[in-house]
Amino acid sequence: MAEKTDRKTLEERHGMSDLERLRHSCAHVLATAIARIWPDAQFAAGPPVEGGFYYDVDLKHRISTEDFERIEAEMKKVVKENATFVKVVVTREEAMAMAKSGRLASVAERKVESVFKLDLLNEIPEGEEISIYQNGDFWDLCAGPHVGRTGNCKAYKLMSVASAFYKGDKSNPQLQRVYGTCFPNKTQLNEHLERLEEAKKRDHRKLGRELGLFTFSEVVGQGLPLWKPKGGIVRRELQDFITEELDSQGYYQVFTPHIGKLDLYRTSGHFPYYEESQFPPMAERDAWEGLADEGADCGRLLNGLRTGAIEGFMLKPMNCPHHIQIFASDHRSYRDLPVRLAEFGTVYRWEQSGELGGLTRVRSFTQDDAHLFCTPEQVADEIQGCLGLVKKVLGTLGMEDYTVRLSLRDLESDKYVGSPENWEKAEDALREAVKKMGVDAIEEPGEAAFYGPKIDFVVKDVIGRDWQLGTVQVDYNLPERFDLSYVGSDNKPHRPVMIHRAPFGSLERFTGLLIEHFAGKFPTWLAPEQVRVLPISQQFNEAGQKAVEALAEAGVRVRMDGTGDKVGAKIRLARLDRVPYMLVLGAREVENNEVSVRHRDREDLGTQSLDDFVSNIREEISKRSL
RNA sequence: GCUUAUGUAGCUCAGGGGUAGAGCACAUCCUUGGUAAGGAUGAGGUCGCGGGUUCAAUUCCCGCCAUAAGCUCCA
């Protein structure tokens, strides 16, 4: 992701906003401080990024957060010196000489070259201006622009230190990346820090535990989420919602197993090509026993599985191959098309351990998946239908803050299956669809699936990371690999086109982001507990119980707090649980045969009869109101 | 997978070479109170797991597991 950000800053370098310019300058202030403290520091790049800036540095000393105080103190001196940022245009030879004497990104000449600056220098195309920015004794190779003086960087803070590969390439050395942020003044900096604190309170991992929605167990395994009863309710409501939509749009629900033979994935292209991102295959029992009898080693087993000499099974990484087999199980006429097969299909992927986190990146997840098999002529309409569904689903939940990404293949890479012609057809179809939908889409080469391009709906989590949710993908390739066909009006076999689509993407990731979107305050239809009845004292528990029964009878998820706590405490607990409605019940209400209604956000809603309350909340739930 | 942190009660965290503490939650009892915390008592821990150093390890060292941020990756 930072790589993308880097690319963006390069592209936008000359159109840098004032804030970005300030942060870029602050990165130089940071580098100045580090160079003074550790003269052996070798700097790479130090751009502004969303929310702040960083500088990559190679240094014998391992910078830890304990060093921040010291670095910030040195930065303070640099700021106080209030040196002017001076731009000096130099020739390539001059710049080379400085880099070779170690004078670039440093406060003095050194015995060693400025290695990364030298490398970056070599990448600047012939004819392009080469500039050095100087602030006091610190000289850096930099295209700018900068603020006037170091004194402009008044409000900054170092945030974290991490490692990053030089130029984002795994084969390059790892550098220490120091992140910081900077604002025009202290007030804005503090506001920013407060916003970060606020955002943390909405973190789905924190809320998921507090609200009892899901958990992980070290014994079950990393990245394998366990949905608890309350999370189960949210999930079921989401599934019911999708199912209703599918029923009205001509989909058929299917059910398929969680595993399939390796041969299936050989045909689809998942095995052995994507072997390392899957759970290891299971060999058949006879094969295991046979090999064991022979005293064979693991290498032979693995090799046999790869070549197909030994048959085995794999946990499914996707649902498409199974759905394809359902399509292929019948003789299809063009009159049968489109065939729309839907399934809440659980898939398993071996994500690297460092990438797992909360519900947003897991090793086992359930897609609200569907595959549409259609004629080439139907593709455009079907894509529109899918996009409409995604928009409706996101709209119902009030998740309007997404970006649409057109994920295309990377022309340089060879990881894709299928012919270039098919890819072009598919990419054109999606471009057309996006245009027709009338939304701004960002084209991202290299983000495509291995079998086809996609339209992805991307949202941000509380700490600003992008996550792909809904997706619509056109695929001319898998139908070919599986030799799918239908009979056309010309009585000849034709190749269908496949569309893969998932409005939520995965229920896990979607729920995670939904928790953050609502800060745990689910709309009533999704809330695990919709109403809590709070008798003023235990002598009204009986009346409370009657209300509970009436609500439950009407299909409302309701519970009574019949403890000996005072109402104040009961309200507090109900609000901490984000229960939408609280019904307070005391002598007054019982006497007048009514309930006093309180909403978690809208506070006191006055009194109404229980019947009115029931019919109001039923309507709110059935409409899936926000 | 890599870098850097972190891991003590259900949760949030304090502590520290001599086998542990707070608040909340929980249990029991008292209280029956009108819109975000009534009171008392009590129970609860192999200090992530496994090795090592030591008379003694939860504390120091090593390995592993898990979590977090970032990088890389995400069919």
Side-chain angles (χ1 to χ4, degrees), chain A residues 1-3 6 49 54 56 62-67 159-179 200 203 205-206 209-210 212 215-219 221-223 265 268-271 273-278 316-318 320-321 347 349-358 360-363 407 415-417 446-452 454 463 465 467-468 471 473 475 477-478 500 509 534-541 563-576 582-589 596-598 600 603-605:
Chain A
M1 205 170 63
E3 198 198 347
D6 288 355
V49 288
Y54 66 79
D56 281 346
R62 313 296 325 185
I63 297 175
S64 84
T65 43
E66 284 171 18
D67 296 313
M159 304 300 287
S160 64
V161 56
S163 91
F165 296 105
Y166 178 51
K167 288 187 194 162
D169 187 336
K170 214 162 46 172
S171 56
N172 282 338
Q174 292 206 34
L175 308 174
Q176 304 186 63
R177 177 170 292 181
V178 182
Y179 282 92
K200 268 191 213 156
D203 191 314
R205 291 165 293 196
K206 180 176 152 70
R209 189 180 48 243
E210 286 174 1
T215 188
F216 289 87
S217 155
E218 284 191 26
V219 191
Q222 234 187 336
Y265 301 107
S268 70
H270 289 101
F271 189 85
Y273 195 60
Y274 282 102
E275 194 181 352
E276 72 293 345
S277 43
Q278 282 149 26
K316 65 177 172 186
M318 317 186 82
C320 7
V347 298
R349 300 180 186 179
W350 190 260
E351 307 287 4
Q352 295 189 82
S353 61
E355 267 121 37
L356 300 169
T360 41
R361 193 85 182 264
V362 289
R363 284 183 173 159
S407 300
K415 72 171 183 174
Y416 305 102
V417 299
E447 289 286 328
F450 79 99
Y451 50 76
K454 328 181 269 176
I463 45 182
R465 293 179 294 203
W467 296 99
Q468 176 201 312
T471 178
Q473 317 177 357
D475 179 6
N477 292 316
L478 289 182
H500 311 239
R509 179 177 290 179
L534 312 177
I536 289 283
S537 81
Q538 287 175 320
Q539 69 188 99
F540 302 106
N541 278 5
T563 61
D565 285 337
K566 301 212 280 188
V567 239
K570 291 182 181 182
I571 287 170
R572 179 169 177 273
L573 290 174
R575 293 196 61 174
L576 286 175
M582 289 155 267
L583 299 186
V584 179
L585 218 56
R588 284 205 297 272
E589 288 78 9
S596 138
V597 183
R598 198 188 152 108
R600 71 183 164 206
E603 306 288 322
D604 195 352
L605 298 183

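What you see below is based on every heavy atom in this structure, not just the backbone, and it leaves out hydrogens, waters and symmetry mates. Quick note on labels: first sequence line is chain A, next is B, and so on, each numbered from 1.
The shortest distance between side-chain heavy atoms of A/H270 and A/E275 does not fall below 4.5 Å. Taking the side chain as every heavy atom from C-beta outward, A/Q222 and A/R363 approach each other to under 4.5 Å.
At the phosphate of B/U32, neither OP1 nor OP2 sits under 4.0 Å from any side-chain N or O atom of A/Q539. Distances shorter than 4.0 Å separate none of the side-chain N or O atoms of A/R205 from OP1 or OP2 on B/A66. At least one side-chain nitrogen or oxygen of A/S353 sits closer than 4.0 Å to the OP1 or OP2 atom of B/G1. Side-chain N/O atoms of A/R509 include none lying less than 4.0 angstrom from OP1 or OP2 on B/C74. The side chain of A/R600 places no N or O atom within less than 4.0 Å of a non-bridging phosphate oxygen (OP1 or OP2) of B/A36. The side chain of A/K415 contributes an N or O atom lying less than 4.0 Å from OP1 or OP2 of B/C74. Listed pair A/R575 / B/U35 fails the phosphate criterion, with no side-chain N or O lying under 4.0 Å from OP1 or OP2.
Atom NZ in A/K170 sits about 14 Å away from atom C1' in B/U3, given to the nearest Å. Between the CG atom of A/L573 and the C1' atom of B/A37 there is a distance of 8 Å, rounded to whole Å. Spacing between atom CG of A/D475 and atom P of B/A75 amounts to 14 Å, rounded to whole angstrom units. One can place CD of A/Q222 at 14 Å from C1' of B/G48, the figure rounded to the nearest angstrom. Rounded to whole angstrom, the span from the CD1 atom of A/I571 across to the C1' atom of B/G33 amounts to 12 Å. Atom CG in A/L585 sits roughly 14 Å away from atom P in B/G33 (whole-Å rounding). As a whole-Å value, the separation of A/R361 CZ from B/A75 P is 9 Å. If you take CZ of A/F216 and P of B/C11, they are 15 Å apart, rounded to a whole angstrom.
A donor N or O paired with an acceptor N or O is found under 3.5 Å between the base of B/A75 and the side-chain atoms of A/S277. Between the base of B/C73 and the side chain of A/R349 there is no donor-acceptor pair shorter than 3.5 Å. Donor-acceptor pairing under 3.5 Å, judged by distance alone, is present between the side chain of A/S163 and the base of B/G70. Not a single donor-acceptor contact under 3.5 angstrom links the side-chain atoms of A/Q176 to the base of B/U3. Side chain A/R598 to base B/U35: a donor-acceptor pair is found below 3.5 Å.
A/V567 comes within 4.0 angstrom of sugar-phosphate atoms only, judged by non-hydrogen atoms across all strands, and of no base. Within the nucleic acid shown, A/I63 has no heavy atom closer than 4.0 Å to any nucleic acid atom. Within the nucleic acid shown, A/E276 has no heavy atom closer than 4.0 Å to any nucleic acid atom. Contacts of A/G568 with the nucleic acid, taken as non-hydrogen atoms under 4.0 Å apart, involve only primed sugar atoms and P, OP1 or OP2. Residue-level contact check: A/D565 touches the bases, meaning some heavy atom is under 4.0 Å from a base atom. Counting any heavy atom pair closer than 4.0 Å across all strands shown, A/A574 reaches no nucleic acid atom. Residue A/R588 is in base contact, counting any heavy-atom pair closer than 4.0 Å across all strands shown. Across all strands, A/Y451 comes closer than 4.0 Å only to sugar-phosphate atoms, never to a base (heavy-atom distances). Residue A/S268 is classed as having no contact, given no heavy-atom separation below 4.0 Å to the nucleic acid. Within 4.0 Å of A/G358, counting heavy atoms only, lie sugar-phosphate atoms of the nucleic acid but no base atom.
You cannot call A/Y179 stacked on the base of B/G70; the centres under 5.5 Å and planes under 30° rule is not satisfied.
B/A27 and B/C64 have their C1' atoms separated by 38 Å, with the value rounded to a whole Å. Taking the P atoms as reference points, B/A69 lies 28 Å from B/G50, given to the whole Å.
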Evaluate A/F450 against A/Y274 for ring pair (Phe, Tyr, Trp, His ring centres under 6.0 Å), listing each step before the verdict. CA-CA 10 Å; A/F450 79 99; A/Y274 282 102; 5.0 Å; yes
Pair A/D56-A/R177, salt bridge (charged side-chain N to carboxylate O under 4.0 Å, His left out): steps then yes or no: CA-CA 4 Å; A/D56 281 346; A/R177 177 170 292 181; 2.7 Å; yes
Apply the test side chain to side chain contact (heavy atoms under 4.5 Å, CB included) to residues A/I536 and A/L585: give CA-CA distance (whole Å), side-chain angles for both, the deciding distance (0.1 Å), then the verdict. CA-CA 6 Å; A/I536 289 283; A/L585 218 56; 5.9 Å; no
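The side chain of A/E355 lies closest to B/U72, out of B/U72, B/U12, B/G70.
Judged purely by distance below 3.5 Å, without hydrogens or angles, the side chains of A/Q473 and A/Y451 pair a donor atom with an acceptor atom.
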